[in-house]
Q: 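Before anything else, here's the structure in question.
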Amino acid sequence: MQILKIDGNVAKAVLSGTTRQVYLDVLDEKAQVGDYVIVHAGFAIHKIDEKEAKETLDLFEEAGVFSPVSENNHGVH
Amino acid sequence: MEYIDEYRNPDRIEHLVAHIRNISRKQIKLMEVCGTHTVTIFRNGIRDLLPNCITLISGPGCPVCVTPIGGIDQAIALAQKEDIIIATFGDLLRVPGSETSLLKQRGEGADIRVVYSAYDSLRLAQQNKNRQVVFLGVGFETTAPTMAAVIQRAKEAQIGNFTVMSMHKVIPPALEALVKSPELKIDGFICPGHVSTIIGTEPYMPIARDFGVPCVIAGFEPLDVLQAIVLLVRQIEHGEAKVEIQYRRAVSPKGNPKARDVMMEVFEPGDSLWRGLGSLPRSGLKIASPYGDFDAERRFDISPVNGREPPGCLCGDILRGLKRPPDCSLFQKACTPESPVGACMVSSEGTCAAYYKYST
C-alpha cells in the first residue's frame, strides 16, 4: 500500500483505490509519505524495496529465463 | 510501485514454467508451508503447470487451522460469560469446536465482534468500559508483533478491561517437526513470505544446515512462487542446501528486528499444541509476566480443555502433509465451505478450502 498521510503512529494508505488506516508501530524504518509498505492485519511490517523488486526480475532476465521459449524447451502448450 | 502486476505477467510465467521443465530431472517433493502460498498455487493452477517430477505438498502454515479444538472450546466458554465481549479475526468465527462454534454462539446471544486489526479490539475495550474485552490472539510471527504492540499500548494507557487469549505460534519448530518426519521426506521448503519479513533467514538455517533441506522464502504472486521453485530445483539438482530469499522486495536477511523486539518484550516462548503436529516445544507465545494483567488466561478461569476431533476429519494428517483433502471421506460431502467440519475448510488459507474452491 502507498502511504498518503502520517499522523504519529498511524498512516493513511491506499491500494487500488481503497484507503485504509495503517499502524506504524512495528515498522523498522521511518515511514514517509509516498513510501510503499507491506501491510498485515492493519500494520505496516516492511517498506517495499523497489531496487530489490526490479533486481529479482532482472536476475531471471539475465539468466535467459525470460527469453523466447526455444525448440528445446518443453513448452507449456 | 506495488510490484504486483509485474509478478503476474503471463509471458514471464510461461517462460519460468518452461525453465523449470528444462532443469528438473529428479523426482522431488516441495512443501509450501504458508496458507497464502497454497491459495496462490491453486488460483494460478501452478500444480498443473509443473512437470510431473515435482510434487507440491501443502503444509501447516494456516494459523486458524493449527489452533487446537480445545482452544476454540476455551474461547467459546469465555464467549458464554455475560460480561465478556470476544474480539476475533474473522476466520476463527466459523471453526467448529467440540460442540459448537463462535458463530453459533453469536447467534444465541454471545457478544462476539470481528475485527480487522488488533487495535480495533483495544478500541472496543475503551468504548465498553463496563465490559471485559478478550481478544483471541491467533497468528504466527507476522501477527504476533502487532498484538504485542497493542498490548504495550494497553499497558501505557492502563486499560483495565482488555486481555488477550494468546494462541500465537511460531513457524520454525513446525518446520523442524516436518523435516524430521520419516513419512514425509521433503526435498525443499517454500518458506512463508511475511513471517520471514519479520524473522529473516536465520531461523531456517538449521533446516538447511542440519537436515540438508533447501529453504527458499517466496512472495505471493505467481511469479514469486515459480521463481522460488526454480531456486529450489537448482539447489536440489546441484546437491546444495541453503536458505535463499526470492521475496527480496519484502524480506531482508536480518528480518524486522524492531517487530521481533516488540514481540519478545511482550511474549515468551512456551510449549504449544498444534493440530496435526501435536505439542511442539517452544513453538507457542505466552504473555510474559510484566504484561500478565493483559493475559486472559490469568484473569479468567480458563481450564485446559481436551477438544474432541470430529470423527472422520483428516485435518491433522493434511496439516502434516501426509494426506490431501480428496483423501478425506468428508471432503465435498459432509464437509464444505457452507457446512465445514474442520478448520482446514473454514479458513481462507486452509488447504481444504483451497482444494474445494479451485479443484471442482
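Here is the naming used below: chain letters follow the sequence lines, and residue numbers restart at 1 for every chain.
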Q: Suppose we call two aromatic rings close when their centres sit under 6.0 Å apart. Are Y119(B) and F135(B) close by that rule?
A: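 Ring centroids of Y119(B) and F135(B) are no less than 6.0 Å from each other.
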Q: What part of I45(A) gets closer than 4.5 Å to chain B, counting heavy atoms only: side chain, backbone, both or neither?
A: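 Contact with chain B involves both backbone and side-chain atoms of I45(A).
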Q: Would you say the side-chain atoms of S347(B) and D91(B) include a donor-acceptor pair closer than 3.5 Å?
A: yes
Q: For H168(B) together with F140(B), are the ring centres under 6.0 Å from each other?
A: no
Q: I245(B) versus chain A, heavy atoms under 4.5 Å apart: side chain, backbone, both or neither?
A: neither
Q: Can you tell which part of Q246(B) gets under 4.5 Å to a heavy atom of chain A, answering side chain, backbone, both or neither?
A: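 Both parts, backbone and side chain.
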Q: Sort V251(B) into side chain, backbone, both or neither according to what part of it lies under 4.5 angstrom from a heavy atom of chain A.
A: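 Only the backbone of V251(B) comes within 4.5 Å of chain A.
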Q: Do D28(A) and K47(A) sit within salt-bridge range, that is, some charged N less than 4.0 Å from a carboxylate O?
A: no
Q: If I measure from the heavy atoms of chain A, does R153(B) come under 4.5 Å with its side chain, its backbone, both, or neither?
A: side chain
Q: Between the side chains of R123(B) and D120(B), is the shortest nitrogen-to-carboxylate-oxygen separation below 4.0 Å, so that they form an ion pair?
A: yes
Q: Between R249(B) and D49(A), is the closest basic N to carboxylate O distance under 4.0 Å?
A: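 Looking at R249(B) together with D49(A), the answer is no, because their closest N to O distance does not fall below 4.0 Å.
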Q: What's the verdict on side chain to side chain contact (heavy atoms under 4.5 Å, CB included) for L93(B) and V114(B), showing C-alpha distance, side-chain angles and the deciding distance?
A: CA-CA 8 Å; L93(B) 209 59; V114(B) 172; 3.7 Å; yes
Q: Does anything in residues 13-21 of chain A get under 4.5 Å of chain B by heavy atoms, and if so which residues?
A: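 The stretch touches chain B at V14(A), L15(A), R20(A), Q21(A).
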Q: Could you go through T143(B) and H40(A), starting from their C-alpha distance and side-chain angles, then the distance that decides it, and tell me whether this counts as side chain to side chain contact (heavy atoms under 4.5 Å, CB included)?
A: CA-CA 7 Å; T143(B) 316; H40(A) 177 85; 2.8 Å; yes
